[in-house]
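Here's the structure we're looking at; comments come further down.
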Amino acid sequence: MNTLANDLSTLSQSSRAFLGAPHQHFINGQFVEGSTDEAVAVVDPTSGETVGHVPAGDARDIDRAVKAARRAFESGPWRKMRGADRERLLLRLADLLEAQAPEFSEIESVNSGRILSATRAIDVDLSVSYLRYMAGWATKITGQTIEPSIPYAPGANFFGMTLREPVGVVGAITPWNVPLGQAIWKIAPALATGCTLVLKPAEQTPLTALRFAWLIAEAGIPDGVINIVTGYGQTAGAALVAHPELDKISFTGSTRVGRLIGEAAARDMKHFTLELGGKSPMVVLEDADLEVTIPGAAMGIFANHGQSCIAGSRLFVHEAVYDKVVAGIARIAQDIKLGPALSLDTQMGPLVSATQQKRVLGYIQSGREEGAEIVVGGTTLEGPGCYVRPTVFANVKPDMRIVQEEIFGPVLAVARFKDVNDVLRRANDTRYGLGASVWTRDLNKAHWFIRNFRAGTVWVNTHGVLDLAVPFGGIKQSGTGHELGEEAIRHHTQLKSAILALSGPV
Ligand code: NAI
Ligand code: MG
């Protein structure tokens with residue numbers, strides 16, 4: 001028996017029933033067959049075994065879904081629904097998801113290879129919270145009133161105002177690293193603002209989104225408001241991006257695809273938000289509290305197996321504490337227990353796919369070839385599972401590929417520094433600008449780094465923590481626009497201005 005493979009017989013009966021059932025697109029409130037018989041195999045990365053198939057959607061499926069979303073936006077009950085009623089639907093969805101949390105967590109762990117406590121916390125519980133957070137916004141979307149002083153009509157009486165209206169039909173494309181979480185980051189603000197949406201989940205991890213479709217139907221969300229089409233990026237994803245009846249694209253994924261999507265969206269004047277890659281630095285100053293820093297920085301890179309856009313993949317350590325910090329993180333990496341996602345004593349599962357494992361091992365190989373020193377890890381586990389041991393490279397040089405390119409795996413590149421100006425320059429010397437952290441007890445230095453890091457989010461004495469009310473977005477090649485918080489509302493609404501000529505006193 002392969003002890004690194006999930007034992008699917010430990011799953012709850014309802015999870016097994018869902019995995020064993022045929023999967024279909026969710027369009028206009030119905031589960032429907034795809035336009036072709038083509039299917040995408042869904043794989044458990046602990047074993048490489050296929051655990052199901054979803055339809056490989058094509059342009060016809062996307063067209064059906066976008067048309068349903070368009071109809072729901074233009075003429076369904078959704079358009080007339082009051083904020084308070086949308087709030088109630090979001091709260092109902094949150095309650096339904098919360099009630100079935102263990103099943104969602106199990107399905108996510110089988111499909112993505114991440115341990116149950118991680119899928120529970122990050123995909124399920126955070127999604128429940130976000131649905132509730134966004135429910136609150138549904139009744140708080142406001143414009144302004146403006147008292148005009150129109151210079152060429154001195155005696156006339158005018159009144160000005162702005163309305164915040166839903167942008168319309170949103171096309172959402174999500175990645176595989178936090179599958180349900182990313183889907184809900186797209187769905188919740190669309191529902192809060194009165195938009196409609198077509199979601200194309202990552203081909204590797206479509207299952208929890210399809211399971212969530214059951215809840216959409218059960219909660220009483222009007223038909224066509226949320227639609228889900230599964231399939232590959234180059235077919236289903238590209239057809240969604242190109243669809244003329246879409247008003248906005250919300251994408252999370254690679255910078256390469258994000259650039260294609262931004263270009264296509266700009267041509268059609270569609271709204272777009274892009275959450276892309278990262279190569280986030282963590283900077284440890286001489287005075288840092290190492291009791292906090294060593295485990296914190298290890299989590300900064302190894303959380304989610306490094307498959308995170310905000311992973312702290314470059315670590316800069318002041319030379320006075322360098323040896324201690326590297327040794328401490330290496331010890332943690334060494335001790336992380338790898339194993340199947342469903343086993344309760346596992347601390348880290350496999351990467352999401354054989355493709356990702358190969359990509360990460362390719363980077364590890366490039367690091368060796370370019371002369372970086374491997375302190376720990378760098379290898380896989382025997383067998384078909386997509387495992388990569390947590391890996392630490394020391395004494396890296398700025399132009400190495402492992403320092404410049406996003407790896408999206410449990411691989412840390414560590415370098416030393418003496419001077420804060422020098423380390424700031426090196427930390428910012430990347431095409432990405434998603435996250436950055438500084439570890440210090442000195443408030444002034446912390447503040448100086450907050451001001452000077454070129455990144456969308458800066459952390460102090462922690463790395464990668466997100467809050468649903470704090471906007472999240474990247475600069476440079478890490479993307480444009482924000483998710484979470486009030487910014488998510490802003491990005492799902494558009495301003496309309498109105499000027500009224502009043503006739504004078506009544
Ligand atoms: P990807 O960007 O190709 O895939 C993300 C999503 O985009 C998936 O749903 C995919 O089907 C879709 N997609 C792909 N090509 C498309 C196209 N031409 N038009 C429309 N949609 C398309 O990312 P992939 O290949 O899964 O991973 C490659 C690398 O991207 C990773 O190693 C990592 O470095 C980075 N990445 C970053 C993520 C982030 O959170 N920022 C998430 C996933 C990957
Ligand atoms: Mg790709």
Side-chain angles (χ1 to χ4, degrees), residues 40 42-43 45 54 56-59 62 112 122-123 171-183 185-186 198-209 228-243 246 249-265 270 272-280 303-311 313 351-364 386 388 401-402 404-411 430-435 456-457 464 466 472-474 476-481 483:
V40 185
V42 182
V43 172
V54 299
D58 68 6
I62 289 289
S112 70
I122 306 298
D123 285 284
I173 298 177
T174 49
W176 42 259
N177 56 335
V178 186
L180 180 66
Q182 299 277 5
W185 281 27
K186 311 292 187 207
V198 176
L199 169 70
K200 206 297 285 172
E203 54 269 35
Q204 299 86 350
T205 52
L207 294 183
T208 42
I228 301 173
V229 174
T230 55
Y232 293 105
Q234 282 175 354
T235 45
L240 182 57
V241 170
H243 202 290
L246 214 62
I249 302 167
S250 179
F251 173 76
T252 303
S254 65
T255 291
R256 185 187 69 77
V257 174
R259 192 177 293 119
L260 292 175
I261 289 176
E263 283 168 4
K270 288 170 181 146
F272 60 97
T273 44
L274 305 172
E275 301 283 356
L276 310 177
K279 195 71 192 173
S280 301
N304 221 46
H305 320 179
Q307 300 171 126
S308 163
C309 51
I310 48 181
S313 49
L351 301 188
V352 72
S353 65
T355 306
Q356 194 61 16
Q357 183 195 37
K358 192 161 163 248
R359 185 179 292 145
V360 171
L361 291 174
Y363 276 111
I364 291 173
C386 308
V388 174
R401 283 183 60 213
I402 56 167
Q404 288 299 329
E405 297 178 25
E406 180 173 56
I407 299 175
F408 228 66
V411 182
T430 162
R431 64 193 187 113
Y432 294 112
L434 200 53
T457 300
L466 297 178
F472 173 67
K476 302 202 281 185
Q477 300 290 307
S478 291
T480 180
E483 297 193 274

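Bear in mind that the values here come from a model prediction, so they are computed numbers and not experimental data. Counting starts at 1 for both ligands and their atoms, following the listed order.
When all heavy atoms are compared, the tightest approach of Ser353 to Pro45 is N-CB, 4.3 Å. Looking at every heavy atom in both residues, Gly258 comes nearest to Leu274 through O-CD1, 3.5 Å. What you find for Lys476 and Thr430 is that their closest heavy atoms are NZ-O, 2.8 Å. Considering every non-hydrogen atom in both Ala236 and Lys200, the closest pair reads CB-CG, 3.9 Å. Of all heavy-atom pairs spanning Ala59 and Ala239, the tightest one is CA-CB, 3.7 Å.
Every atom of ligand 1 with a heavy atom of Phe251 under 4.0 Å away is listed here by number and element: 2 (O), 6 (C), 7 (O). Residue contact check: Gly233 has heavy atoms under 4.0 Å from atoms 10 (C), 11 (O), 12 (C), 13 (N), 14 (C), 15 (N), 16 (C), 17 (C), 19 (N), 20 (C), 21 (N), 22 (C) of ligand 1. Here is the list of ligand 1 atoms found below 4.0 Å of a heavy atom in Lys200: 8 (C), 9 (O), 10 (C), 11 (O). Interface of Leu276 with ligand 1, defined as ligand atoms under 4.0 Å from a residue heavy atom, comprises 41 (N). Listed by number with element, the atoms of ligand 1 under 4.0 angstrom from any heavy atom of Trp176 are 24 (P), 26 (O), 27 (O). Interface atoms of ligand 1 facing Glu275, defined by a heavy-atom separation under 4.0 Å, are 41 (N). Every atom of ligand 1 is numbered from 1 in the order shown, and the set under 4.0 Å from a heavy atom of Gln356 is 32 (O). The ligand atoms of ligand 1 that sit less than 4.0 angstrom from a heavy atom of Cys309 are 39 (C), 40 (O), 41 (N).
One option in Gln234, Gln182, Glu406, Arg359 has a heavy atom closer to atom 29 (C) of ligand 1 than any other, and that option is Arg359. Taking all heavy atoms of Pro175, Gly237, Gly171 into account, the minimum distance to atom 20 (C) of ligand 1 is reached by Gly237. The closest heavy-atom contact to atom 37 (C) of ligand 1, among the options Gly253, Ala236, Gly277, Ala311, comes from Gly253.
Atom 12 (C) of ligand 1 has Ile173 CG2, 3.6 Å as its closest protein atom, hydrogens excluded (heavy atom only). Among all non-hydrogen protein atoms, the one lying nearest atom 15 (N) of ligand 1 is Val257 CG2, 3.5 Å. Nearest protein heavy-atom neighbour of atom 10 (C) of ligand 1: Glu203 OE1, 3.5 Å. Closest to atom 9 (O) of ligand 1, if we only count protein heavy atoms, is Thr174 O, 2.8 Å. With hydrogens left out, the protein atom closest to atom 38 (C) of ligand 1 is Phe408 CZ, 3.4 Å, a heavy atom. Among protein heavy atoms, atom 2 (O) of ligand 1 sits closest to Ser254 OG, 2.7 Å.
With a 4.0 Å heavy-atom cut-off, ligand 1 is reached by no atom of Leu240.
In terms of the ring-ring contact (aromatic ring centres under 6.0 Å, His included) criterion, residue partners of Phe408 (sequence neighbours excluded) are, by chain and number, Trp176. Among residues two or more places apart in sequence or in another chain, the salt bridge (Lys or Arg N to Asp or Glu O under 4.0 Å) test is passed with Arg359 by none.
Side-chain contact check for Lys186 and Thr252: at least one donor-acceptor pair (N or O, by modelled atom type) lies under 3.5 Å. Side chain to side chain, Gln477 and Arg259 meet the donor-acceptor criterion of an N or O pair below 3.5 Å.
Proximity of a side-chain donor or acceptor of Lys279 to a complementary backbone N or O of Glu406 within less than 3.5 Å is not detected. Under the 3.5 Å distance criterion, the side-chain polar atoms of Ser478 are left unmatched by any main-chain donor or acceptor of Leu276.
Put simply, no part of Gln307 is less than 4.0 Å from ligand 1, judged by heavy atoms.
Checking each of Ile228, Val40, Thr174, Val54 against Pro206 for a side-chain contact (heavy atoms from CB on, under 4.5 Å) leaves exactly one that passes, namely Val54.
Shown here, atom 4 (O) of ligand 1 is out of close reach of the protein: none of its heavy atoms lies under 4.0 Å off.
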